[in-house]
Each structure stands twice: as C-alpha cells, then as structure tokens.
K.L.:
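Sharing a structure below in structure tokens format, with a few things to ask.
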Amino acid sequence: MARNVSETRRWTVTFIAWGIALVIFFPILWTILTSFKSEADAIASPPKFLFFDWTTRNYSEVQARSPYFRHFSNSVVISIGSTLLGLLIAIPAAWSMAFQPAKRTKDLLMWMLSTKMMPAAGVLIPIYLLFRSWGLLDTRLGITVVLMLINLPIITWMLYTYFREIPGEILEAARMDGASLKNEILYVLTPMAVPGIASTLLLNVILAWNEAFWTLNLTTSQAAPLTTFIASYSSPEGLFYAKLSAASTMAIAPILILGWFSQKQLVRGLTFGAVK
Amino acid sequence: MATRHQTTLARLMVAPSVLLLLGWMIVPLGMTLWFSFQSYNLLSPGMERFIGFLNYEYFLSDPAFWTSMRNTLMLVGGVLVITVGGGIALALLLDQPMRGQGMVRILVIAPFFIMPTVSALVWKNMFMNPVNGLFAWMAKAVGAQPIDFLAEAPLMSIILIVSWQWLPFATLILLTALQSLDSEQMEAAEMDGAGAFSKFTYLVLPHLSRAITVVILIETIFLLSVFAEILVTTNGGPGYQSTNLTFLVYSQALLQFDVGGASAGGIVAVILANIVAIFLMRMIGKTLE
Amino acid sequence: MGSITLKSVRKAFGDVEVIPGVDLEINDGEFVVFVGPSGCGKSTLLRLIAGLEDVSSGQILIDGQDVTHAAPARRGLAMVFQSYALYPHMSVRKNIAFPLKMAGMAAAEQERRVSHAAGILNLTDYLDRRPGQLSGGQRQRVAIGRAIVREPSAFLFDEPLSNLDAALRVNMRVEISELHKKLATTMVYVTHDQVEAMTMADKIVVLRAGRIEQVGSPLDLYRRPANRFVAGFIGSPNMNFLEGQAAGTHDAHAIGVRPEHWRLSTSEGAFGGTVGVAEHLGSDTFLHVDLDDGTHVVARAEGEFPVDHGDRIHLTPQEGRVYRFDQQGLAI
C-alpha cells in the first residue's frame, strides 16, 4: 500500500502496541529476570527490576538437583520421539491421500480430526488401567506412544495440506523427463516436501513438549518430562521464586525459540489449513 | 487414472494411521462406557458388578457435578470472550503500520509457547501470591488490601491465566486472516464513502467471521479439557469452586479410585465435546474444497 | 525424425467421453497447432500423445512405432507445461540438465548441452538462479530449455503462453516460431488463441467437443472453412453471420462475411445500418454496425474512416467473399 500515514499516528500506534506487547510478555520477562536474582531479591518489596546482584547460582542449584537433566532429556526424547514416530506413520498416509485421493478421502480426514476432539477425560481411566497392567506407567515408551496418538491427526492433516500444494504438473514433468519412480521421489518429491515436513515436525515438537494432561497423569518420576517436573514445584518449593524461575526458564527457552520460528506454520497447523 | 496396483498401495499406506487411531479411539472409549455401568473401585478389587445407570444417577445428582459443569462453561465462555474480543482488538492494532512490528508480534505470541504448568505456577506464585506476589505489592503501593486471588476468586484467576495463554493464539490467527483482506476492497469502500466504523462492520468483521469461528471452535476443544492449570494452582478448590469436568473425572478416578463414577463423568464429557465437535467438523469440512 | 500418427484414438473419463475418436497424421518437422474453445479436448489429446493419460482405445504411432502403452519418457517427446512445471528447488542449470541426468548422460556432455541450450535461449546469465527469481518469460525459456536439451523427436506445448502478459506473448510467439525454424523438429502446440494458431502453425487442427472440425494450413482454413464453427473461430475479428432474407438471396441458410470483406459507403449498398461504436486504431477502423433488420455486424475499414456514433452507413459484401452455409452449418 503506497499510502501516507501521518507520522504522529504511526508513532501513537507504535507506542500503544509496544506497551500492550510488553504487558503481555511481562510474566515471561519477569520469570527470566527473577531466575538471575538471589532468593531474597526475588521477593524484595518493592520489587527489583534490573538493579540487583545478577547471579547464575539458581541455575547451578536447579541442575544440582540431579533429576533436572533427566526430566529435560525425557522431554526431548518424548516430544521428538512422538513426532518422528507420528511422521513415520503419517507421511505415507498423507502422501497417498494427497496424490491418490479416493472418494472417501475427505471423510477419512474428517474422521481423523474428530478423534482429536475426544476429551482426554473420556479415555483417561482405561488408558491408565491398561498402562498399569502393561507396566507402561511412568515409562518413556508409554508416554511417547500416547503423545504420538494424540498428535497423529494434526500431523496427518498438516502434511496433507502441504502435499496438496505440490503441483501435479511438476510430477508429470518429471515423468516426461524420464525420472523413474525412485528418482521422482528422490529428486523431485522429497525436496519439495521437506519444508512442509519440517514445519509439521516443528509444530508437533512444540505441542508435545507442552502437553500437560497425559504427561501429568501417566508419568511421575522416571519418565517425567518437564511439565511434570515443574508441577512438582507447586509447593512448597514454589515459594523459592528464583529457583522456580530458573527451572521454568530452562523449560520454556528451547520451545520459545522454536516457536518464534514457526509462527506462520502454527496458524496453518492449528487451524487445519482453514486460515493461512 | 491410477492403476489398480497404485490404488492398493495407496490404501496400504493409509491403513496404519487409520488402524492406530481406530484402536486409540474405540477401545478406550468402549472400556469407559463399560466401566460406567459397573460398580468398580480400585480400593476393592474383585468386587466389580453391573449396576446399570446407578453411576450416572450418582454422578448427575452430585452437587459437585453441577458445580463443575457450571465452572466448565464459565471457564470456556470467559476465556472465549476475553481472547476473541482482545484478539480482534489486538489484531486490528498490530495490522497498523508501526515501528518494530515483527518484534511486537514475537512478544505477543510468546505466551502460547509456555508450557501450562510453568505459566500456572508463575502466575500463582509470582503474581497472585497474597504476600510476595507482584499484584499484592501493587495493591499495597496504592494503599489497598492485597487479595488472595486463588482463594477468593479461584475460577476468575484461572480464567485470567488461561486467557493469557490463549490470547496470542486468537491474535495470531485473526491477524493472519486480517492480512489476507484485499486492500483494494478497503480502498473501494473508502471511495464509496465508508468511515472507519462502517468499514469495520461491513468489511472487516465479515471477512474475519470465518477465522473467528475457527478460533472459537478450536479454543473450545482445548478449553473443555483444561487440567494442568487447575492442578497446580488450586487443585480444584476451595471446595469445588474451581473444579471443571475434566478435573472432576481425574479426582474421582485417581484420587478417590471410583472408576465407575469417573467413567460416567468421562462419558458426559465426551457427549459435551461431541456437541461442540459437530459444529467444528462442519466448519472445517467446508474449507477442504 | 518425428512423425506422429493417431488412429481412432478414443478417451473417456469414467462415463464421460472426451475424445470420441480421432484420426490424425502429423508429419516430421511440422508445426501443428491444436486450437479450439476451452473444454474441447485439445489438452487431453496432447496428454494422450505425451503418455500422461492412457488412451481408452485406438493407437498412437511415433515414427511408425506403436507407443500406445509406452511410458511418457520412452516416447522421445518433450513437453512444455502451461505452468512451466519447473523444479523450484533446483537452479536453472539443474532444471535444464534434469532430463539428461535421468538419462544417465556423462556430466561433460550434460554441461555442453545445457550451455548450448542456454545460448539459444539467452539464459546464460541466469543459469545459477532459481526459478523463483526469474520473470515469467525467463521461466518459459527455462521450460523450453529443459525440453530442447533432450533433442526429442517432437515438442509438445500445452498453452505455454497463457500465463504471460500481452506484450511478452507476442515476443515469445516469435521466439518459438524461430526456434522451430532453427531446430526443424516437429512441434505440437495447444492453444485457445486463434491468433497464435494462425501466426505459428504449418497446420491447424480445429477441435470442438473432442472432434476434429477441420485440418489445414492457416490460409486454407481462412479461405475455405469447412463449416460455420471453423469460419467463426478463425479470423479476427470474427466473421459476421447473416440469416433469413439476406441469406436467401445467396441461396443459403446463412451467409458469412468477414469484417475485412465489406465495401463501405455512406450513400448506398446492400445493407443499411447505423454505426454504434467506431474504433479508430489509426491503421484500421473497426465499425460496429446495427443493420436495419437488427443484426449486429463488424466491418473493417482501412486507415482513418471518418464516421462516428449514430452515422448512417451502407455495407456491401465484396465479390466472391461471401461464405454460404446450409441448415447444418456446413459450407456450401
């Protein structure tokens, strides 16, 4: 839009927008700041914003509570594992639905989506009991499979919408150019599908990382990811604000960074392609 | 165009995901349904017996159920009003030309990536704590009595926390939808003499209607199952003041070990979610073509 | 070599028959244009030749060899798609080299052919760019480059210019024609634009509803259209048709007169009318005339013709330039 907006207006908007953005972001900023305070500074009144003795002691103390890294690595294994497992199952399915659609393909996709809408409370009890009798409670394997299953519809859908955007003429061109099926997949399809697969992976790692119903109910210590670990700060450790903040910062930092990279895909993935 | 061989291959490729989801949905749901007709308590194993609709009768006549039902609806409704209303306002604001738009966007979207247990704990301890929380300090600074938010207004506090998590989602989606609005259309309306308000009601709002519906429906699905925020802040209390249906089912099953009663609650939750789901499926179904 | 023969080629999608049965002979080195309104089956026919669709029945021969069931790559043809279908993740060089790589050609030979093609198509400076960084006309050239490196026995073009703007279209039209002269390879070209057909073709195939209406050189079709459809389709602006009394005097159901075949007079003539719109192009003037019997016709006058909206005018067909059609629309 080649349009002249008055400078005053632009600055007013800028001022208001930054103000609101900072208010919304403040809890996160505050958590990060607090993680560098001593426990005394953390509860000082009036609160200390920037002028306090910066320390990284909380981080070393949280890590000294040895399980922290176990929970962190559990989060990594569970979120990445469930996503990769989901991709492995969803890629062929989304692929064939996008390129060999049948009359029922649309119904099938809708049905897959509908499983996502089943409230967790409706299946919590049998899953809990089954896991108990199969010895899967508090195991990485168990929680990984569950997270894979709850995200499978989203993974399939996202991939489907990406694959459908690969124009059919390109595949025909490859066939005219003499590419065998193997070469078609290797040189044409895969490179074109990789961006879509990557965004799907990113979004689902985020969703799995932050999942806090099944992780809280099916893990306690051995396989507990960060969601469960942080929940254990509920009390009384939660009153040690600086350590809580350090643990929280470490739990959210990786995903916050990933998340900022995936904003665009996020909209598309979470609305199942309805808003792009 | 496809040969028979290709068609068979395509079906085989779809099969694993369909079978897995089928197993994931049908088996546990069937078991929940089965348990809901049983007298089944984990503390007295081997005493299971069929008791018909008794669990439903108990569950539905329990005042806790109706409280949690009300809380569920209040939670969903409250968060929706805040996030959709705030989301529209924020999206309109962020769509204006300004300095550092990208950075503002990044700041606004951030809460969505915070894991629920972290955001609940941060709010609970560092903001809403009546002694050391920032809100308490702010109250004292203006000479007011600090409020113990989670004890005195537990549901409102949880609504606030959950809204903070979902406002970015609504904003981001509405902003994306807003940016796809044809600027020539806006200019045409301007040529036709439409003011800012008419442009909003006749052009912007209708254009956003689809995105708004999508936001409402998707948020509803997630909000019906809010759990972690309640678990780490109030544990459903005081009393049942902040218990929603999901939390009630959890506490019935895993704290009171009443599998039968909890299953009946689970089925009620499924029915509730299905009502919402039907609308959502229709919406998304339209976007497929 | 690149002669293509279609023998009673039929194509149906389910119950819908798009090509009821086509016989056609395309000679080596010919530039053949399939033209017709959208949905006439011209693209389907091209895709059948390419092997991208299976024929329902009939035979396709290339250089006398039956290729009806051969895979697309085995037919020795190259195709330029409407959307260009360039591989977005490959550089221009890799795009052009792709068919050679698939054929397992030595790298040095690949390089030689790519630079040769790039030279012909003025792409030498763009070889390391990606398709996304090119303009529409450049992408078009890359698509052609990818086709010519294979040294195919025939080129297939599927509406290749429809995504370009008007000025570029004219340039590319000339470029493709020059390419044909240079390579002297068979080209089969699909378009809905009769101007492209007239300017480029050695032989035009006019299609309607999957049937061939007429085959011939551009001037053949202009001079001797087999029926009303071809007569109306070939020539710009379109032929004027008159029915009723006017046709009766010529002993026909309908007569056709091309806009350029009227004699114009302000005083007298066979048909009187009123000028609706006069389009003054400088070199020509196009008059939209409402005849007294209500028929709307277009007439071309050379140079600047001094009439305006509302003026009276009289039109008379030139001698021997009246096309006569019977009840079925066939030329008499």
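Within every chain, numbering begins at 1; the chains are lettered A, B, ... in the order of the sequence lines, protein sequences first and strands thereafter. Quick caveat: nothing in here was measured; it's all calculated off a predicted structure.
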K.L.:
Determine the option with the most heavy-atom pairs under 4.5 angstrom with chain A, choosing from B:Leu167, B:Ile109, B:Ile271.
P.N.:
B:Ile109
K.L.:
With a 4.5 angstrom heavy-atom cut-off, could you sort out which part of A:Phe15 is near chain B: side chain, backbone, both or neither?
P.N.:
neither
K.L.:
Contact between B:Thr117 and A:Thr215 at the side-chain level, heavy atoms closer than 4.5 Å - yes or no?
P.N.:
no
K.L.:
Tell me which of these, A:Thr228, A:Ile89, A:Thr227, has more heavy-atom pairs under 4.5 Å with chain B than the rest.
P.N.:
A:Thr227
K.L.:
Counting heavy-atom pairs under 4.5 Å with chain B, which one of A:Asn217, A:Ile255, A:Ile20 comes out on top?
P.N.:
A:Asn217
K.L.:
Assess whether side chain to side chain contact (heavy atoms under 4.5 Å, CB included) is satisfied between B:Leu20 and A:Leu149, documenting all intermediate values.
P.N.:
CA-CA 8 Å; B:Leu20 276 172; A:Leu149 285 168; 4.0 Å; yes
K.L.:
Could you tell me whether the side chain of B:Ser17 and the main chain of A:Ala90 form a donor-acceptor pair under 3.5 Å?
P.N.:
no
K.L.:
Measuring heavy-atom distances to chain B, does A:Trp11 have an atom under 4.5 Å in its side chain, in its backbone, in both, or in neither?
P.N.:
side chain
K.L.:
In terms of heavy-atom pairs under 4.5 Å with chain A, which of B:Val14, B:Ile106, B:Leu248, B:Leu93 leads?
P.N.:
B:Ile106
K.L.:
Would you please test B:Phe127 and A:Phe26 for side chain to side chain contact (heavy atoms under 4.5 Å, CB included) and show each step?
P.N.:
CA-CA 11 Å; B:Phe127 287 87; A:Phe26 184 75; 3.8 Å; yes
K.L.:
Answer whether the closest heavy-atom distance between the side chains of B:Met31 and A:Leu130 falls below 4.5 Å.
P.N.:
yes
K.L.:
Between B:Leu94 and chain A, with a heavy-atom cut-off of 4.5 Å, which part of the residue counts as in contact: side chain, backbone, both or neither?
P.N.:
side chain
K.L.:
Do you know the tightest heavy-atom contact between A:Trp111 and B:Val18?
P.N.:
CH2-O, 3.7 Å
K.L.:
Quick one: closest heavy-atom pair of B:Ala110 and A:Leu256, and the distance?
P.N.:
O-CD1, 3.6 Å
K.L.:
Name the region of B:Trp34, side chain, backbone, both or neither, that has any atom closer than 4.5 Å to a heavy atom of chain A.
P.N.:
neither
K.L.:
If I compare all heavy atoms of B:Val104 with all of A:Ala21, which pair ends up nearest, and what's the gap?
P.N.:
CG1-CB, 3.8 Å
K.L.:
Measure distances from A:Ser245 to the heavy atoms of chain B and classify the residue's part below 4.5 Å as side chain, backbone, both or neither.
P.N.:
side chain
K.L.:
Which pair of heavy atoms, one from B:Pro97 and one from A:Arg10, lies closest together, and at what distance?
P.N.:
O-CG, 3.8 Å
K.L.:
I'd like to verify something: which residue of A:Leu124, A:Thr31, A:Ile16 has the highest number of heavy-atom pairs under 4.5 Å with chain B?
P.N.:
A:Thr31
K.L.:
How many angstroms lie between CE in B:Met103 and CZ in A:Phe25, if you round to the nearest 0.5 Å?
P.N.:
7.0 Å
K.L.:
Give, as side chain, backbone, both or neither, the part of B:Phe169 having an atom under 4.5 angstrom from any heavy atom of chain A.
P.N.:
side chain
K.L.:
Picking from A:Ile206, A:Leu129, A:Leu22, which has the most non-hydrogen pairs under 4.5 angstrom with chain B?
P.N.:
A:Leu129
K.L.:
Sort out for me which of B:Ala253, B:Gly133, B:Gly100, B:Ala141 touches chain A most, counting heavy-atom pairs under 4.5 Å.
P.N.:
B:Gly100
K.L.:
Any idea which heavy atoms bring A:Ala251 and B:Val118 closest together, and the distance?
P.N.:
CB-CG2, 4.4 Å
K.L.:
In the structure I gave you, are the side-chain heavy atoms of A:Pro126 and B:Val27 within less than 4.5 Å of one another anywhere?
P.N.:
no
K.L.:
Is it true that a side-chain atom of A:Trp18 and a backbone atom of B:Arg99 form a donor plus acceptor pair closer than 3.5 Å?
P.N.:
yes
K.L.:
If we only count heavy atoms from C-beta on, is the A:Trp260 to B:Phe113 side-chain gap below 4.5 Å?
P.N.:
yes
K.L.:
Is any side-chain heavy atom of A:Ile28 less than 4.5 Å from a side-chain heavy atom of B:Pro111?
P.N.:
yes
K.L.:
Is there a side chain to side chain contact (heavy atoms under 4.5 Å, CB included) between A:Thr34 and B:Met126 once you walk through the steps?
P.N.:
CA-CA 9 Å; A:Thr34 306; B:Met126 291 160 64; 3.4 Å; yes
K.L.:
Just wondering, do A:Ile24 and B:Leu90 contact through their side chains at under 4.5 Å, heavy atoms?
P.N.:
yes
K.L.:
Using heavy-atom distances under 4.5 Å, tell me whether B:Phe35 contacts chain A through its side chain, its backbone, both, or neither.
P.N.:
side chain
K.L.:
Shorter than 4.5 Å, heavy atoms on both sides: which option in B:Ile114, B:Asn274, B:Val122, B:Leu29 has the most such pairs with chain A?
P.N.:
B:Ile114
K.L.:
With a 4.5 angstrom heavy-atom cut-off, could you sort out which part of A:Arg104 is near chain B: side chain, backbone, both or neither?
P.N.:
neither
K.L.:
Nearest 0.5 angstrom please: A:Phe213 CZ to B:Thr246 OG1, how far?
P.N.:
6.5 Å
K.L.:
Below 4.5 Å, heavy-atom pairs only: which of B:Lys140, B:Met13, B:Gln101, B:Met98 has the largest tally toward chain A?
P.N.:
B:Met13
K.L.:
Non-hydrogen atoms of chain A under 4.5 Å away: do they reach the side chain of B:Leu22, the backbone, both or neither?
P.N.:
both
K.L.:
Considering only heavy atoms, which portion of A:Leu108 lies under 4.5 Å from any heavy atom of chain B: side chain, backbone, both, or neither?
P.N.:
side chain
K.L.:
Using a 4.5 Å cut-off on heavy atoms from C-beta on, say whether the side chain of A:Ile125 contacts that of B:Val249.
P.N.:
yes
K.L.:
For each of A:Leu226, A:Leu152, A:Leu258, A:Ile230, tally heavy-atom pairs with chain B at distances under 4.5 Å, and name the one with the top tally.
P.N.:
A:Ile230
K.L.:
Which atom pair, heavy atoms only, marks the closest approach of A:Ala212 to B:Phe227?
P.N.:
O-CD2, 3.7 Å
K.L.:
For chain A, which of B:Leu224, B:Leu134, B:Val108 has the most heavy-atom pairs under 4.5 Å?
P.N.:
B:Leu134
K.L.:
Does any part of the side chain of B:Trp24, heavy atoms only, come nearer than 4.5 Å to the side chain of A:Ile150, both counted from C-beta?
P.N.:
yes
